[in-house]
Amino acid sequence: MTTNENKFQQIISHAKEYGFVFQSSEIYDGLSAVYDYGPYGSELKKNLRDYWWKSMTQMHENIVGIDAAIFMHPTTWKASGHVDNFSDPMIDNRDSNKRYRVDHLIEGLADKLNDEGKTEEAENLIAEMEQLLGAEDYTGLKDLIISNNIVCSVSGTANWTDIRQFNLMFSTQLGSVTEEADTIYLRPETAQGIFVNFLNVQKTSRMRIPFGIAQIGKAFRNEIVARQFIFRMREFEQMEMQFFVRPGTEGEWYRYWKEARLQWHLSLGISPKKYRYHDHVKLAHYAKEACDIEFEFPMGFKEVEGIHSRSDFDLTQHQLYSKKKMQYFDNDVNPATGKPFGNYIPYVVETSIGLDRMFLLILSESYEEEILTKEDGSTDTRAILHIPAKIAPVKLAILPLVKKDGLPEIARKVMDECKQHFRCFYEEKDAIGKRYRRQDAIGTPFCVTIDHQTKEDDTVTIRYRDSMLQERIPASKVREIVLNNIL
Ligand code: ATP
């Protein structure tokens, strides 16, 4: 196992041990690629969700939010192209009956080549794969697998079937009588809920182009090769924003959002070295430009967010299938003609980020195992999550040194002053060092300890998670210090 794989396994164990992420239905041996968020996980997820929502809606006067249903009229998915095209090329190994996504199989070899320092070979392999995927040349892709001697990890053989397409949408029945029921889909992306509501939102919120619609919600994909913990799930959450622009201006808006979204990631204090753009070579036929924002996870650089310039494809398709006009009337004057721009179907630039993937990014970035040397020379390890204070599940732990002498009463007073403003945690049990460690492990940026001196001079000890520095401050200042660091 490489160091990075080790780190990834440590993060997964830590996430479970400290109540961040559990395997779904674990008592029944779990459901593959489905996960539940525990007490601290659900707080962190909510904080990330709020951070994105605020940056999109509150910070942009021309972006409004919606909350559309998961179920949509089945024609939506016909119009959007998902019924016919939302599929991945798959290949089966005849000896193990194990099914692989073709791109994952080839990327696996590229990762191995990179680990061996053969970066040029890896890059050429990926370039060739992307070119073949773009051309939908499945014979060529199979030849690439065979000629590179890629074998199944279970059987160890290269006894491959032909490559086939596999649709990723989950379907279910609407209505109680099976024979009469309509097949409907669990949405595989949140974007279509925005497209079909485009005019409802534009009219009711009196938006003028350019403007955006943001949405956060669950999406479902029957990922065949679900792996890597919450990186690739069958039920996950997306945070998407569709930005509607005048045709001809999509290039500049694409560049704007590409940069703005990277800045959002960096605003969490993460090093720019951990990020890179991956511009798409293979574009959907309607797409004008597309890129991924990739982050260096323990398993290498992987997509966390996509920025796509989607032309007027989706709205045009919905106009075609619904026979309802999807046009916008632009009464701004066109300098070239001296007349209003008039009616048109807007172009769309979309930003689409996976909330769960962002959660994994934060865990990967903040997890550290520190080796501490004690006074007697022995060593101890401290597992710590350096989660940015503004999204940390708990902001402040309030810890009376002992359970008596009136200290809990003073601590409760501090708790009452703070708990309306941010999430606090109160604990009396165990030695103080042990309590600090538990807070480090869940990423609490501040701890305050109430001791006997507090009774004399009304001061408390504040301890900072990352530096482990401790200082004496007036108890009345605790709330302000924490608030200054989390806004
Ligand atoms: P991938 O290539 O990894 O399958 P994608 O290009 O299909 O992703 P998009 O359709 O662009 O992904 O979705 C936007 C975002 O939604 C992705 O950047 C990712 O963060 C998230 N996402 C997509 N599929 C999953 C999944 N199965 N589990 C968790 N998050 C996902």
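Both ligands and their constituent atoms are indexed starting at 1 by order of listing.
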Has Lys142 got more than 12 heavy atoms of other residues, nucleotides or ligands less than 6.0 Å from its NZ?
yes

At a 4.0 Å threshold, what atoms of ligand 1 neighbour a non-hydrogen atom of Gly354?
15 (C), 16 (O), 19 (C), 20 (O), 21 (C)

One finds that the ligand 1 atoms under 4.0 Å from a non-hydrogen atom of His308 are 11 (O)

Glu305 heavy atoms within 4.0 Å reach ligand 1 at atoms 18 (O)

Under-4.0 Å heavy-atom contact with ligand 1, by part of Lys302 that carries it:
neither

Shortest protein heavy-atom distance from atom 8 (O) of ligand 1, along with the residue and atom involved:
Glu303 OE1, 3.8 Å

Side chain to side chain donor-acceptor pair (under 3.5 Å) assessment of Ser153 paired with Tyr100
CA-CA 10 Å; Ser153 59; Tyr100 294 87; 3.2 Å; yes

Would you say ligand 1 has an N or O under 3.5 Å from any N or O of Ile230?
no

Under 4.0 Å to a heavy atom of Ser352 - the qualifying atoms of ligand 1, by number
13 (O), 14 (C), 15 (C), 18 (O)

I need the atoms of ligand 1 closer than 4.0 Å to a non-hydrogen atom of Phe231, numbered in the order shown.
28 (N), 29 (C), 30 (N)

Location of contacts on His104 toward ligand 1, heavy atoms closer than 4.0 Å:
neither

Between Gln238 and Pro188 the two heavy atoms that sit nearest each other are OE1-O, 4.4 Å

Quick one: does ligand 1 sit under 4.0 Å from the side chain of Arg232, the backbone, both or neither, non-hydrogen atoms only?
both

Would you call Lys302-Asp292 a salt bridge at under 4.0 Å N-O?
no

Under 3.5 Å: N/O of Val304 near N/O of ligand 1:
yes

Lys16/Glu26 salt bridge by N-O under 4.0 Å criterion
yes

Counting only nitrogen or oxygen atoms and a 3.5 angstrom limit, does Phe236 reach ligand 1?
no

Counting both backbone and side chain atoms, is some N or O of Glu223 under 3.5 Å from an N or O of ligand 1?
yes

Atom 7 (O) of ligand 1: the protein heavy-atom neighbour that sits closest, reported with distance to 0.1 Å
Arg221 NH1, 3.1 Å

Before you tell me yes or no, could you show the steps for Glu368 and Arg382 under salt bridge (charged side-chain N to carboxylate O under 4.0 Å, His left out), namely the whole-Å CA-CA distance, both residues' side-chain angles and the distance that decides it to 0.1 Å?
CA-CA 8 Å; Glu368 193 195 358; Arg382 168 171 98 119; 5.9 Å; no

Can you find a non-hydrogen atom of Met233 under 4.0 Å from ligand 1?
yes

Straight-line distance of Phe329 CZ to Arg208 CZ, nearest 0.5 Å:
10.0 Å

In sequence, state the C-alpha distance, the side-chain angles, and the governing distance for Asp440 and Arg465, and then conclude on salt bridge (charged side-chain N to carboxylate O under 4.0 Å, His left out).
CA-CA 6 Å; Asp440 289 342; Arg465 176 195 66 198; over 6 Å; no

Backbone N/O of Glu223 and side chain of Arg234: donor-acceptor pair under 3.5 Å
yes

Provide the closest heavy-atom pair for Trp53 versus Ile216 in the form atom of the first, atom of the second, distance.
CE3-CD1, 3.7 Å

Measure the distance from atom 16 (O) of ligand 1 to every protein heavy atom, then report the residue, atom name and distance (to 0.1 Å) of the closest one.
Gln238 NE2, 3.4 Å

